[in-house]
Amino acid sequence: MINSKSSDMHGRESVQTKVLSAISMTPSYLSHLECSGCGKEYPHNQIHTFCPFCQSPLLSLYDLKRARQSVDRDEISRRQKGMWRWHELLPVLNQENQIFLGEGDTPLLSLPRLDKELGLSHLYVKDESSNPTGSFKARGLAAAVSKAKELGVEKVIIPTAGNAGGAMAAYAARAGLKAHIFMPKDTPFANIEESRMAGAEVVLVDGLISDAAGMAGEKARAEGWFDVSTFKEPYRVEGKKVMGYELAEAFNWQLPDVIIYPTGGGTGLVGMWKAFDELEKLGWLENTKRPRMVSVQADGCAPVVKAFQAKATFCDFWTNAHTLASGLRVPKSFADHLILQDIYESEGTAIAVSDGAILESQKQLASMEGIFAAPEGAATLAALKELIKQNWIHPEERIVLFNTGSGLKYLDHHA
Amino acid sequence: MPNNILYVEDNPDNMMLVQRALEARGYRLLKARNGLDGVATAESEQVDLILLDINLPDIDGYEVARRLRSSSKRELTSVPIIAVTANALKGDAEKALDAGCDVYMSKPINIRELWARVEAFVPTP
């Protein structure tokens with residue numbers, strides 16, 4: 001159905017209208033939600049946060065058997081670009097509720113000069129900085145805000161290290177929802193300003209994202225606002241998983257050998273692993289070889305690395321967390337057990353890098369490849385160099401770094 | 001076999017959730033709804049582990065932990081204490097550990113993690 005709001009004053013169709021017109025008759029094969037801890041099932045047509053029984057994140061499940069019979073991966077590849085071209089595997093049922101600002105289909109760039117410098121042959125970066133609001137957070141918030149709108153939510157609240165707040169503010173503005181954002185007071189200025197510009201109420205918290213999460217949670221309970229915290233609602237991870245679909249498609253429906261991913265809340269890592277599961281069940285992959293997932297954290301806040309080294313199933317809360325990579329200052333993710341489970345299952349690893357190594361890698365990515373990465377993205381290059389030293393990487397492997405956002409949003413670090 | 005767990009918590013929903021989870025594993029739950037009651041219960045009963053909320057209506061969880069660690073009942077100076085809080089204020093985790101708690105968990109409490117944390121100190125009966 002063509003959305004009349006997508007036409008401009010001269011009646012020309014916007015990109016969104018073209019995307020929507022390409023959408024097939026079955027918007028989504030979403031079947032139900034399932035608790036990632038105890039397996040309890042929940043209907044998807046009601047508002048849910050996390051499992052009330054065991055307090056684990058809920059995940060969206062799809063009728064993949066039916067999807068396998070009727071959805072053609074190659075037809076999806078021919079659709080107009082954007083995250084929603086995967087709509088059958090996303091949770092929004094009514095296409096009018098899909099909030100689209102151009103998210104998804106970010107470039108997968110080869111890194112020829114770094115390849116040569118590091119003695120590699122197939123090094124890539126998935127550059128998420130071209131998403132709306134300049135970071136990968138757009139994907140998750142596009143899905144979560146769209147679904148919130150579909151479920152009748154009017155006010156959304158989020159604790160954020162920065163970029164998620166900016167993204168939520170933008171999508172909430174476009175959806176006509178009121179946004180409330182709690183962020184640490186030392187969050188990059190760009191994140192604070194973009195959130196305010198989009199009409200969000202911003203509360204600056206004297207603390208870390210975990211402190212902001214506590215305050216936002218209390219406010220959400222008191223006011224009845226919908227809490228869009230990482231993994232405390234089921235849909236952000238659905239937007240993030242599309243990064244996994246896009247990678248599979250870019251590698252001709254095989255998967256790279258290694259994915260190096262900066263890990264704060266871990267939505268992207270968990271989402272991509274979920275995507276690979278779904279692609280396998282859909283029969284869309286050319287083989288069943290999965291990438292080794294590398295979780296990268298800063299050495300001033302490395303709960304996943306510590307837990308991985310101890311072969312633990314949960315993380316200890318990281319005390320006195322500090323790093324210039326604000327997206328990595330997450331003392332403990334609500335989905336820590338899922339992150340660790342996916343790393344173990346992939347035979348991957350977790351590695352911590354220093355702020356110094358992050359800044360050096362940020363400069364290297366910019367000066368050698370022209371990519372001004374966010375510090376979190378630059379951390380993946382720092383980790384790669386360490387993994388090469390440890391002989392954990394084979395020079396012939398296809399390696400994907402994730403740059404999760406634009407360095408332009410962190411100019412405070414360079415002032 | 002030691003299996004007595006004291007939960008100091010004023011929120012009845014959290015109390016019920018944890019009670020259900022721990023009793024399902026065979027533990028016996030002792031309940032205290034404020035800090036002073038928590039200290040008194042710990043001093044009068046056999047307690048093998050304490051789950052301690054930080055935001056309590058009378059004395060806060062840090063003070064409870066400090067009183068337990070300096071108690072004349074010797075067992076309380078070393079009984080495992082797991083701090084549980086909504087970490088609404090900066091540095092809750094650090095303060096809880098400084099006050100004598102062994103582990104810090106933030107709410108919402110993931111029940112599988114709770115089982116794992118409790119079992120690390122007190123094996124399932």
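So that the names make sense, note that chain A is the first sequence line, chain B the second, and so on, each numbered from 1.
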Between atom CG of B/D98 and atom OG1 of A/T319, what is the distance when rounded to the nearest 0.5 Å?
-> 9.0 Å
For atom CD of A/Q46, decide whether the heavy atoms of other residues, nucleotides or ligands shown that lie under 6.0 angstrom number more than 12.
-> yes
Bottom line for A/F50: the part with an atom under 4.5 Å from chain B's heavy atoms is side chain
Residues forming a salt bridge (charged side-chain N to carboxylate O under 4.0 Å, His left out) with B/R28, sequence neighbours excluded | none
Greater than 12 external heavy atoms within 6.0 Å of A/K155's NZ | no
Within residues 229-239 of chain A, contacts to chain B at heavy-atom distances under 4.5 Å involve A/K232
Considering only heavy atoms, which portion of A/P331 lies under 4.5 Å from any heavy atom of chain B: side chain, backbone, both, or neither?
-> neither
Using a strict 4.0 Å threshold on nitrogen-to-oxygen distance, state whether A/K332 and B/E113 make a salt bridge.
-> yes
Quick one: pull up CG in A/D316 and CZ in B/R117 and give me the separation to the nearest 0.5 Å.
-> 4.5 Å
Heavy-atom contacts under 4.5 Å, residues 7-21 of chain B to chain A | B/L17, B/R20
Taking everything shown except B/E23 itself, do over 12 heavy atoms lie less than 6.0 Å from its CD?
-> yes
Is the backbone of B/I109 close enough, under 3.5 Å, to the side chain of A/Q55 for a donor and an acceptor to pair up by distance?
-> yes
Give a yes or no on whether B/K73 atom NZ has more than 12 heavy-atom contacts from other residues, nucleotides or ligands under 6.0 Å away.
-> yes
B/W115 meets the ring-ring contact (aromatic ring centres under 6.0 Å, His included) criterion, sequence neighbours left out, with none
Apply side-chain contact (heavy atoms from CB on, under 4.5 Å) to the pair B/N110 and A/F314, showing each step before the final yes or no.
-> CA-CA 10 Å; B/N110 181 306; A/F314 292 94; 4.0 Å; yes
Check whether any side-chain N or O of B/R112 sits under 3.5 Å from a backbone N or O of A/C54 as a donor-acceptor pair, and report yes or no.
-> no
Can you say whether A/C315 sits under 4.5 Å from chain B via the side chain, the backbone, both, or neither, judging by heavy atoms?
-> backbone
Relative to chain A, which segment of B/L114 carries a heavy atom at a distance below 4.5 Å: side chain, backbone, both, or neither?
-> neither
Taking the side chain as every heavy atom from C-beta outward, state whether B/P108 and A/F334 have any pair of such atoms under 4.5 Å apart.
-> yes
Measure distances from A/C51 to the heavy atoms of chain B and classify the residue's part below 4.5 Å as side chain, backbone, both or neither.
-> neither
